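Each remark here refers to the structure printed beneath this line.
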Amino acid sequence: MLQKTSLNILFLCDFPFAGAGGVGRVTEVLAAEFMRRDFVVTYFTLSEGQQNVHNGITQYFLPKNEEIDSDASLKYVKQLLAKLQIDVIINQAGTKVDVLDFLAKLKSEIPVLSVHHNCVACLRENYRHIITENFGERFFFRLFDHSPGWTLLDRYHLFKQGKIFEKAIEVSARLVLLSEVFVPEVTTYVSSYPENKVVGIPNPAPFRAVTDVEQKKENRLLYVGRINYQQKRVDLLLDLWQRIYRDFPDWHFDVVGDGPDLDDLKKKAEDRQLERIYFHGFQDPRPYLEKAKFFCMTSAFEGYGMVLVEAQAYGVIPFAFHCFSAMEDIIQSGHNGLFFPKFDMDKYAHSLKSMMKDEKARKLMAENAQASVKKYDPTCVADMWMDLFDAVLKEKN
């Protein structure tokens with residue numbers, strides 16, 4: 001464990017941390033834990049903006065009218081790092097090419113820890129989903145939407161992603177993945193690299209296990225997340241509810257989130273005349289987590305699925321497809337939640353119905369779910385970072 005009484009830590013990203021979604025939330029949680037340990041934390045955003053203070057942390061930006069890779073930007077950042085006496089840089093932009101290029105040009109001796117906030121091998125496994133979602137409506141998509149075209153795109157993906165991972169490993173003291181399960185998957189893209197350069201550390205849970213939440217529970221299912229069809233497969237939420245709602249007239253289904261397919265999803269629910277399903281748009285999920293008993297996710301793939309951990313913290317039992325390789329990090333199926341083979345709606349609906357009828361089993365699983373989030377407690381996750389700081393600073397010295 002690191003013995004130094006104080007460290008100066010800089011979180012780096014390519015967008016402002018305030019309101020920055022999931023990456024912003026976990027950064028704030030980790031930063032708060034570091035400050036609790038009397039470390040000095042600074043934010044730096046590789047975009048133009050006005051210096052400000054966010055949750056007690058000073059946030060700096062690039063000089064006005066300067067590009068990320070300009071000589072003026074590089075000079076400014078070097079001077080700022082020296083002025084603040086930064087010991088370690090945590091790159092929360094992970095494997096974004098322009099940020100890695102910037103770090104390569106910066107040539108700082110300060111250890112950089114680059115966090116890849118996504119799965120690894122699943123990027124290739126779900127490449128067709130990703131391409132279709134982003135470019136399916138474009139005219140040129142038809143030129144590649146056939147077997148030889150997809151083979152060519154797969155080879156291009158392997159080459160391009162391989163170069164990105166190679167650069168991340170090269171410019172960083174460590175490439176940090178969200179699970180140790182992801183570490184061997186890097187060989188999908190990079191055949192050889194120093195073994196110690198890639199490690200796994202989970203994100204901290206934004207919410208700790210919430211006490212006295214059981215008394216607030218109602219007969220409600222819940223989905224929280226982006227509303228889109230390609231990745232999240234929210235269309236299957238309607239299929240699930242259609243199999244259930246008539247047999248459970250006192251249950252409700254809350255759908256919380258926004259996205260490109262929200263209006264169409266609402267229309268599909270109306271066309272099917274589904275009752276007691278409510279679309280709330282983008283909201284703070286906590287009031288809904290307090291009331292829900294089961295969390296339903298139907299994603300085709302996920303980066304890590306921290307929303308499942310957030311549900312467990314509130315005693316909401318997560319149900320999901322096995323949609324990323326580190327799923328077992330979060331759900332031990334049958335103990336603190338359940339997962340199923342991808343798109344097996346029969347098993348999913350049957351198991352959910354059984355649990356909805358069995359209050360004793362539900363309460364036990366909810367207790368297990370809350371107990372399981374302890375490993376994502378900011379204190380535990382920060383300890384892992386402390387060990388990593390210790391290792392890279394010893395190497396530097």
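Worth saying up front: this structure is predicted, and the values here are computed from it rather than measured.
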Specify the closest pair of heavy atoms between [X] and [Y], including all atoms of both residues, with the distance to one decimal.
X	Y	result
Asn203	Tyr376	O-CD2, 3.5 Å
Glu302	Ser299	OE2-OG, 2.6 Å
Gln312	Ala369	CB-O, 3.5 Å
Val23	Val26	O-CG2, 3.3 Å
Pro204	Pro378	CB-CA, 4.0 Å
Ser108	Leu81	OG-CD1, 4.2 Å

Salt-bridge contact [X]-[Y] (side-chain N to carboxylate O under 4.0 Å):
X	Y	answer
Arg243	Asp346	yes
Lys64	Glu48	no
Glu359	Lys217	no
Lys268	Asp264	yes
Glu270	Lys267	no
Glu185	Arg124	no
Lys357	Asp247	no

For residues [X] and [Y]: do they belong to one hydrophobic cluster (side chain heavy atoms under 4.5 Å, members Ile, Leu, Val, Met, Phe, Trp, Tyr)?
X	Y	result
Leu222	Met306	yes
Ile227	Ile277	yes
Val198	Leu388	yes
Leu274	Leu352	yes
Met384	Ile9	yes

For the rings on [X] and [Y], is their centre-to-centre separation under 6.0 Å?
X	Y	result
Tyr304	Phe324	yes
Tyr189	His157	yes
Phe34	Phe389	yes
Phe319	Phe294	yes
His116	Phe182	no
Phe340	Phe321	no

[X] versus [Y]: any side-chain heavy-atom pair under 4.5 Å?
X	Y	answer
Phe102	Asp14	no
Thr45	Pro16	yes
Ile201	Leu178	no
Glu310	Tyr314	no
Lys232	Tyr229	no
Asp258	His280	no
Leu106	Lys78	yes
Asp101	Asp69	no

Working for salt bridge (Lys or Arg N to Asp or Glu O under 4.0 Å), residues Arg37 and Asp383: CA-CA 11 Å; Arg37 302 178 184 214; Asp383 284 345; 2.9 Å; yes

Can you confirm whether [X] is buried at [atom1], in the sense that more than 12 heavy atoms of other residues, nucleotides or ligands lie under 6.0 Å from that atom?
X	atom1	value
Phe282	CZ	no
His350	NE2	no
Glu214	CD	yes
Lys163	NZ	no
Lys75	NZ	no
Arg286	CZ	no
Lys160	NZ	no
Glu195	CD	no

Cation over ring, Arg233 on Phe343, under 6.0 Å and within 45°?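 Yes, Arg233 and Phe343 form such a contact.
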
Side chain to side chain contact (heavy atoms under 4.5 Å, CB included) between Met356 and Trp251, worked out: CA-CA 9 Å; Met356 290 167 71; Trp251 282 73; 3.5 Å; yes

Answer yes if the side chains of [X] and [Y] hold a donor-acceptor pair under 3.5 Å, and no otherwise.
X	Y	value
Asn336	Ser372	yes
Ser351	Ser354	no
Asn52	Gln59	yes
Asn219	Asp250	yes
Glu218	His252	no
Thr27	Gln92	yes

Nearest 0.5 Å, what's the CZ-CD1 distance between Arg276 and Ile244? 11.0 Å

For side chain to side chain contact (heavy atoms under 4.5 Å, CB included), just list the numbers for Arg226 and Gln231, CA-CA rounded to whole Å, side-chain angles, deciding distance to a tenth of an Å, and then say yes or no. CA-CA 9 Å; Arg226 185 165 169 78; Gln231 178 191 353; over 6 Å; no

Yes or no on side chain to side chain contact (heavy atoms under 4.5 Å, CB included) for Val256 and Tyr223, after CA distance, side-chain angles and deciding distance? CA-CA 6 Å; Val256 178; Tyr223 169 81; over 6 Å; no

Derivation and outcome, side chain to side chain contact (heavy atoms under 4.5 Å, CB included), residues Trp241 and Arg272: CA-CA 11 Å; Trp241 188 236; Arg272 297 191 191 188; over 6 Å; no

Worked verdict on Ser179 versus Asp329 for side chain to side chain donor-acceptor pair (under 3.5 Å): CA-CA 8 Å; Ser179 171; Asp329 282 4; 2.6 Å; yes

Leu113 and its side chain to side chain contact (heavy atoms under 4.5 Å, CB included) partner, picked from Ile89, Val392, Leu12: Val392

Evaluation steps, salt bridge (Lys or Arg N to Asp or Glu O under 4.0 Å), between Asp145 and Arg128: CA-CA 10 Å; Asp145 193 17; Arg128 188 162 185 159; 3.6 Å; yes

